[in-house]
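Throughout, protein chains are lettered first and strands after them, A, B, ... in sequence-line order, and every chain is numbered starting at 1. The shown structure was predicted, so the numbers you read here are calculated from the model rather than taken from an experiment.
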Number of protein chains: 2
Amino acid sequence: MYKIDFNNFFSYSFSIDCVIFGFKDGQVNVLMIKRSMKPYLNHWAIPGDLVYPDEDLQVAATRILTELTNLSNLDLHQAQTFGDPNRHPQGRVITTAYFALIRIADFEIEASSFAEEVKWVPIHEVPDLAFDHNLILNSTYELLKKKLSYEPICFDLLPEKFTLNQMQQLFEYVNEAEMDKANFRKKIRPIPLIALGEKQQNVKHRPAKLFSFDSEKYSEIAEEDGYRFKI
Amino acid sequence: MYKIDFNNFFSYSFSIDCVIFGFKDGQVNVLMIKRSMKPYLNHWAIPGDLVYPDEDLQVAATRILTELTNLSNLDLHQAQTFGDPNRHPQGRVITTAYFALIRIADFEIEASSFAEEVKWVPIHEVPDLAFDHNLILNSTYELLKKKLSYEPICFDLLPEKFTLNQMQQLFEYVNEAEMDKANFRKKIRPIPLIALGEKQQNVKHRPAKLFSFDSEKYSEIAEEDGYRFKI
DNA sequence: TCTAGATATTGTATTTTTGACAATAAATAA
DNA sequence: TTATTTATTGTCAAAAATACAATATCTAGA
């Protein structure tokens, strides 16, 4: 064990695939690219790239995401690692999935060297993808759903200023279950939100109040009172 | 992207490290080996091995575990993947942690080709380990603690026939909090357990009833009623 | 200006779950 | 038989979840 036979064992490649989630029109969307090179030319896929031999995984994930979205300071979460020997037609490529949550309205996606086309697709309308990307996507979405219920990451999907209804709709969507408005508000009462004193604009009915997440206060009560986000 | 430059990128190695948990004397224990080869000769470590170039990860994890413990049919859970470029002194070795839960009483550990020595160590008494194994161990134990609370895997750590107190002690240990006996029993009421009609032997007080987990019924109510294990 | 329509927001009453603690039961050991 | 120890069940109040009702606030159009 651990005696490395350089001839036999140094024959892998290692990649990272990024599942980028957004929330749009009441649906969770995933960023898809249309591949501009072989293999799987012109197939839809999730963005990914090989890791450099001396590159840390988290660093690589950040690099790939930045190259793609021009956004930085995003929370990247490691998901599952996939290593079926036949998952890549050109060799043994083990890949680790990372996911990121972004506010769709905050950036313009555009095709790049990465891809011929880039687009958002609702998670339930994803077509057949290249490689084992459907598998990766589904397993990562399952992880997202779990994490949404016990980590305060929903605020990375929602707009900076959001209504309580928008927040509720996100949870109704991922849990595939309707919730009572009044009871939802009771449930989130311990979560530190800042009432901004502003209201929704351009709606043709009573506008809802806007809130933002108080992440500093969250850290505070998490540390002092042991409070954990829970929905 | 995905254009593979075989010269630059095929220079990795890939390994799996197994964190093997058991429950003994009211404590969660981890299986440790004393390395019989370089690097880190004579250091304590968690068992791991390189993945063959054409070997699936899950298969490799199972193989390594079987080589080590002579047990099969164990539940292996993938944990985090570690890829710090400097984590291995002899080259770039990315590793994925898997963990397994075993009933300590069910098998005899013995040193093998793997190691000079093998022993169980309480999770809170683990010494400094080879490589980044302390990091791997801690992160995997955190994952175990989470999974214990929402998946019925405590029964893989407990004896086949267990008392409700043994079960409670496991949760008290990992949560580092005492629980009320009566309330614990209310909490686990929805979990399908089989009352065996047998009792503890050789105790010098009133013996407790023995139970076993009804995994078939669990699958049934999980599917039909959407019930999820929860503690 | 008034009113209908739509959604936001708050309140109330009931049921369910949790938590603290008391009471009882069943074994052993002397 | 009794003291001791642990297992097991029961009770009651507090807290949380649930269902549903009531009220508030905005827009749009008469």
Side-chain angles (χ1 to χ4, degrees), chain A residues 25-26 148-150 152 154 158-159 161-213 221 225-231, chain B residues 25-26 148-150 154 158-159 161-214 221 225-231:
Chain A
D25 308 327
L148 276 172
S149 74
Y150 61 82
C154 57
L158 294 167
K161 303 173 178 185
F162 57 87
T163 70
L164 300 185
N165 251 350
Q166 286 177 310
M167 182 173 170
Q168 180 176 344
Q169 279 161 18
L170 173 53
F171 285 96
E172 288 184 332
Y173 181 83
V174 297
N175 297 327
E176 298 179 40
E178 294 199 351
M179 308 168 88
D180 180 277
K181 281 188 180 187
N183 297 337
F184 181 78
R185 281 151 198 258
K186 281 181 211 159
K187 209 167 197 171
I188 66 175
R189 207 135 52 188
I191 302 170
L193 299 181
I194 301 169
L196 296 167
E198 301 173 46
K199 294 178 178 179
Q200 257 180 328
Q201 300 294 325
N202 303 321
V203 286
K204 47 180 175 293
H205 52 74
R206 173 180 175 182
K209 294 177 191 161
L210 291 171
F211 294 83
S212 68
F213 176 56
I221 60 179
D225 313 335
Y227 170 70
R228 299 285 126 179
F229 180 94
K230 173 82 200 307
I231 281 194
Chain B
D25 308 327
L148 276 172
S149 74
Y150 60 81
C154 58
L158 294 168
K161 302 173 177 184
F162 56 88
T163 70
L164 300 186
N165 251 351
Q166 288 177 311
M167 183 172 169
Q168 180 176 343
Q169 279 161 18
L170 172 54
F171 284 96
E172 288 184 331
Y173 181 82
V174 298
N175 297 327
E176 297 179 39
E178 293 199 351
M179 307 169 88
D180 180 279
K181 281 187 179 187
N183 297 337
F184 181 78
R185 280 151 199 258
K186 278 183 214 160
K187 210 168 198 172
I188 66 174
R189 205 134 54 189
I191 302 170
L193 299 180
I194 301 170
L196 297 167
E198 301 172 45
K199 293 178 180 180
Q200 255 181 330
Q201 299 295 325
N202 302 323
V203 286
K204 47 180 176 295
H205 52 74
R206 174 180 174 180
K209 294 177 191 160
L210 291 171
F211 294 84
S212 67
F213 176 57
D214 192 340
I221 61 179
D225 313 336
Y227 170 71
R228 297 286 126 179
F229 180 94
K230 174 80 199 309
I231 282 194

* salt bridge (Lys or Arg N to Asp or Glu O under 4.0 Å) involving B:Lys161 - partner list, sequence neighbours excluded ->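 Testing B:Lys161 for salt bridge (Lys or Arg N to Asp or Glu O under 4.0 Å), a comparison that skips the adjacent residues, returns B:Glu198.
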Quickly work out the [X] [atom1] to [N] [atom2] distance and round it to whole Å.
| X | N | atom1 | atom2 | value |
| --- | --- | --- | --- | --- |
| B:His205 | C:dA25 | NE2 | C1' | 15 Å |
| B:Asp180 | D:dC12 | CG | C1' | 14 Å |
| A:Lys186 | D:dA19 | NZ | P | 11 Å |
| A:Gln166 | C:dA8 | CD | C1' | 13 Å |
| B:Phe184 | C:dA20 | CZ | C1' | 17 Å |
| A:Asn175 | D:dA17 | CG | P | 15 Å |
| B:Ile231 | C:dT18 | CD1 | P | 11 Å |
| B:Leu164 | D:dA7 | CG | P | 10 Å |

* To do: Spell out, as yes or no, whether a donor-acceptor pair under 3.5 Å connects the side chain of A:Gln168 to the backbone of A:Met179.
  =>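 Looks like yes, one N/O pair under 3.5 Å.
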* Asked: Where the side chain of A:Gln200 meets the backbone of A:Ala208, is there a donor-acceptor pair that is under 3.5 Å apart?
  ->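 Flag set: sc A:Gln200 to bb A:Ala208 pair under 3.5 Å.
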Among [options], the one nearest [X] by side-chain distance:
| X | options | answer |
| --- | --- | --- |
| A:Arg185 | D:dT6, C:dT9, C:dT7 | C:dT9 |
| B:Arg206 | D:dC26, D:dA19, D:dA7 | D:dA7 |
| B:Asn165 | D:dT6, C:dG19, C:dC21 | D:dT6 |

* Asked: Is the phosphate of D:dA19, meaning OP1 or OP2, less than 4.0 Å from a side-chain N or O of A:Asn183?
  ->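 No, because none of the side-chain N or O atoms of A:Asn183 sits under 4.0 Å from OP1 or OP2 of D:dA19.
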* Which heavy atom in A:Gln166 sits nearest to a heavy atom in A:Pro159, and how many Å separate them? ->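 For A:Gln166 versus A:Pro159, the nearest heavy atoms are NE2-CG, 4.2 Å.
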* **Pairwise distance CG(A:Asp180) to NZ(A:Lys187) - rounded to 0.5 angstrom** =>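 These two atoms lie 10.5 Å from each other.
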* Going by heavy atoms closer than 4.0 Å, what residues in residues 187-204 of chain B are next to DNA chain C? ->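 Residues of residues 187-204 of chain B under 4.0 Å from DNA chain C: B:Lys199, B:Val203, B:Lys204.
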* With nearest nucleotides of DNA chain C determined for B:Lys181 and B:Lys230 from heavy-atom distances, which residue corresponds to the more 5′ nucleotide? ->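 Here B:Lys230 is the residue nearer the 5' end.
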* Side-chain heavy atoms of B:Cys154 within contact of B:Met167, under 4.5 Å ->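 Contact flag for B:Cys154/B:Met167 side chains = yes.
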* To do: Kindly indicate whether the side chain of B:Leu196, heavy atoms from C-beta on, has any atom under 4.5 Å from the side chain of B:Phe211.
  =>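 A side-chain contact is absent here, since even the closest heavy-atom pair is not under 4.5 Å.
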* To do: Give B:Lys209 one of three labels, base, sugar-phosphate or nothing, depending on what nucleic acid heavy atoms sit under 4.0 Å from its own.
  =>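 It contacts sugar-phosphate atoms only.
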* Base, sugar-phosphate, or nothing for A:Ala208, non-hydrogen atoms under 4.0 angstrom? ->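 Touches sugar-phosphate only.
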